[in-house]
Amino acid sequence: MDVRSLLVLGAQYGDEGKGKIVDLLVERARVGTVVRFNGGANAGHTIVLEDGRFALHQVPSGILHPEVMNLIGAGVALDPLRLVEELRDLRRRGVECTNLRVSDRAHLVMPWHHVLDGHLGGRLGTTARGIGPCYEDRAARCGLRVGDLVDARGRVDLKHFAARVREVGTAKNLMLTRQYGLDPLDLDEILTACTEAAQVFAPQVADISELLEERNRAGHRVLYEGAQGALLDVDWGTYPYVTSSSCSLGGCAVGVGLNPAPEMRMGVLKAYATRVGEGPFPGELGDPERVKQHDARPAGSPLPQMTSAQREAALAGDQEAMGRWLRLAGAEFGTTTGRPRRTGWLDMVAVRHAVQVSGLNALALTKLDVLDGIPTLKMAVAYEIHGERTTRMPSRVRDLGVARPVYEELPGWSCLGGATRFEDLPPQAQVFVQRVAELAGAPVRVLSVGGRRSQSLMLPEDLCGAPTSPP
Ligand code: IMP
């Protein structure tokens, strides 16, 4: 793959498998720099190697390649305590992370953001990682940034940071106690925890925009890594059931501080749809409340198996059973929270919206193998809203909430096997992939047929590319 710069972002509701695709492209496109541009510890990017699984949250997904520079951009909501935990975990497993730099302009997620998110985020089903309140403070111009904690010489700036923690923390404590009736936070404890954490990464704090420009000039290929997905974008997603950052091309420019102009703009999508948290989800299989009750399981516990009775029910048309099939076959439980994900058929109206908003010119289709054994597959090609058919994503959630997907049915396949070339896939799977490209209006360049690095196929542009007009 011969491109100088690439953007990789989610084309659905997050959890599309971006970590795996970034890790793969770093190798195949000979990328020298990976920059994460939005989100924070609400993300969970998973990479599966022969010797284990890595779940990354704030650290960019190129970190497993020691020769690649990994940058945390200014658009990231950086949680210093969780960053240090993540770095410790990685170091324990032999990943030194000396190839990581952190933007001095990134906003800090502080303990009061966690408390506020935990208290107020429930109605939106947030990850309770403090992301929304942190971005709120950024916009309100009272946020603390990495540069408040670490000075330009890479040293912890205790005096300045202590003053800022007192100033902002005192106001937050008033808010917690008077407005919400919660306990105040101990500002001394916060100060100690944050400055101890900062000792770990202070020498790695840098001006990311400048570093990126230098590396660009030196000819390094850059990969811009987005978190969450287009339908969770604060402006172009299903507002207000969204995250608080821009997960699209625009967010990339804001988050890295350099005209990114990525040559390849790749949207990652799964062969079906999932969503976590609250919000409309056209074509959802099963009732979200029942999913929460019946499929909740502690993070990291072994996955239950589908019983043969459940399989039969799914094949006989039971929507909830089909939803569970996708959830269990696809291990659809949050990397960050362990929450069961809501599931549905692939929604090409949503994907086309993502293609349009970010000008995507390539797709990576993941988890095709999860559809193995389902005799008839469905793909939403339009919505019916109040009796009218549309192929556009409505801006109002009250319209999206009543949207009825118009499905196209495609024949399924029994097993993808160990295909290493597109031509080796069962013909039905080839048709499925081609239809995705046609409906999206962008070629599928990467196909993932299993969790491991080796289970990804790179496709030439002309193989799955001919866009046609939407139905
Ligand atoms: P927040 O980003 O924690 O504020 O959560 C806002 C919404 O975005 C909730 O519905 C979350 O479930 C969802 N969300 C945030 N991050 C991710 C992610 O990485 N994958 C999927 N959903 C996410």
Side-chain angles (χ1 to χ4, degrees), residues 8-22 36-47 55-61 75-79 82 86 107 109 113-139 225-248 251 255 267-270 272-281 284 288 291-292 296 299 327 330-344 347 350 354 366-367 397 400-401:
V8 176
L9 48 77
Q12 293 165 315
Y13 295 91
D15 307 319
E16 300 91 350
K18 296 177 288 291
K20 179 188 177 185
I21 300 299
V22 170
R36 172 82 181 269
F37 65 80
N38 75 307
N42 49 350
H45 293 178
T46 309
I47 302 170
L56 302 169
H57 300 283
Q58 304 189 83
V59 171
S61 302
V76 170
L78 188 102
D79 188 325
R82 285 186 180 264
E86 196 173 335
H107 275 255
V109 177
H113 294 139
H114 282 267
V115 176
L116 288 167
D117 203 10
H119 189 64
L120 302 170
R123 83 191 158 89
L124 299 174
T126 70
T127 58
R129 296 292 187 267
I131 303 298
C134 173
Y135 283 123
E136 264 179 57
D137 282 359
R138 175 175 85 156
E225 178 181 21
Q228 290 82 47
L231 279 302
L232 293 176
D233 183 286
V234 66
D235 294 299
W236 298 99
T238 58
Y239 189 89
Y241 298 98
V242 290
T243 191
S244 301
S245 68
S246 293
C247 317
S248 309
V268 185
L269 67 147
K270 279 193 285 220
Y272 50 97
T274 62
R275 169 163 207 164
V276 260
E278 306 301 316
F281 186 24
E284 176 162 18
V291 169
K292 270 189 221 160
R327 185 171 312 108
E332 296 297 350
F333 294 85
T335 325
T336 303
T337 59
R339 293 184 289 181
R341 295 179 185 142
R342 301 155 67 190
T343 49
D347 180 352
T366 62
K367 292 194 158 183
V397 282
L400 194 60

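We're numbering straight along the sequence, starting at 1. Whatever order the structure lists them in is the order used to number ligands and atoms, beginning at 1.
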Q) Of the non-hydrogen atoms in Ala41 and Arg82, which two are nearest, and what is the gap between them? A) CB-CD, 3.9 Å
Q) Any N or O on Asp15 sitting closer than 3.5 Å to an N or O of ligand 1? A) yes
Q | Short N or O distance, Thr127 and ligand 1, threshold 3.5 Å exclusive | A | yes
Q. Counting each atom of ligand 1 from 1 as listed, which ones have a heavy atom of Arg339 under 4.0 Å away?
A. 11 (C), 12 (O)
Q) Where's the contact between Leu232 and ligand 1, heavy-atom distance under 4.0 Å: side chain, backbone, both or neither? A) side chain
Q. N/O to N/O below 3.5 Å, does that happen between Thr243 and ligand 1?
A. yes
**Q.** Ala227 touching ligand 1 at heavy-atom level, < 4.0 angstrom
**A.** no
Q. Under 4.0 Å from any heavy atom of Ala43, which atoms of ligand 1 are there?
A. 19 (O)
(Q) Regarding atom 9 (C) of ligand 1: of the candidates Gly277, Gly125, Gly40, which has the closest heavy atom? (A) Gly125
Q.
Checking side-chain polar atoms at under 3.5 Å, does His57 have a donor or acceptor matched by the opposite partner on Asn42?
A. no
Q: Provide the closest heavy-atom pair for Gly14 versus Leu232 in the form atom of the first, atom of the second, distance.
A: N-CD1, 4.3 Å
Q) Does a side chain donor of either Ser248 or Asp233 reach within less than 3.5 Å of an acceptor in the other side chain? A) yes
Q. Hey, is ligand 1 close enough to Val276 that some N/O pair sits below 3.5 Å?
A. yes
For residues 115-125, dump all side-chain donor-acceptor pairs below 3.5 Å to protein atoms at least two apart in sequence or in another chain.
| residue | atom | partner | partner atom | Å |
| --- | --- | --- | --- | --- |
| Asp117 | OD1 | Thr126 | OG1 | 3.0 |
| Asp117 | OD2 | Arg129 | N | 3.2 |
| Asp117 | OD2 | Gly130 | N | 2.9 |

Q.
Pairing donors with acceptors under 3.5 angstrom, does anything connect the side chains of His113 and Glu136?
A. no
Q.
Just to be sure I read this right, does ligand 1 sit under 4.0 Å from the backbone of Tyr13, its side chain, both, or neither, counting only heavy atoms?
A. backbone
Q.
If only side-chain N and O atoms count, and only distance matters, is there a donor-acceptor pair under 3.5 Å linking Thr238 with Arg275?
A. yes
Q | Short N or O distance, Ser244 and ligand 1, threshold 3.5 Å exclusive | A | no
